[in-house]
Amino acid sequence: MRHGERMKEPVRDSDLPWEMWYEGTDRQIRGKAVCDVGGTSKIGVGVLELAPGCTTLPAHYHTHEEEHLYVLSGL
């Protein structure tokens, strides 16, 4: 931290609203943007829920950011 900067407050995902992406399609995803809430982060973090049978197609890539997936449960 630089002199004079304040420490950021922790973000609790329970305080953040759920959003729906691709609603009504076979890629419907429910999620929360956990990081970059203040708009100053260079790394984005999200919590996503995919319904059984949901697809994340089409395959894609990012040129200005990385994407990492950590599966916490499911088949």
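Model, not experiment: these values are computed from the prediction.
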Review point. Among all residues two or more places apart in sequence or in another chain, which pass the side chain to side chain donor-acceptor pair (under 3.5 Å) test with E49?
Key: R30

Please tabulate, for the side chains in residues 11-24, all donor-acceptor contacts under 3.5 angstrom to protein atoms that are two or more places apart in sequence or on a different chain.
from : atom 1 : to  : atom 2 : distance (Å)
D13  : OD2    : K32 : NZ     : 3.4
Y22  : OH     : R27 : NH2    : 3.4

Review point. So, for L48 and G31, which heavy atoms are closest and what is the spacing to 0.1 Å?
Key: CD2-CA, 3.8 Å

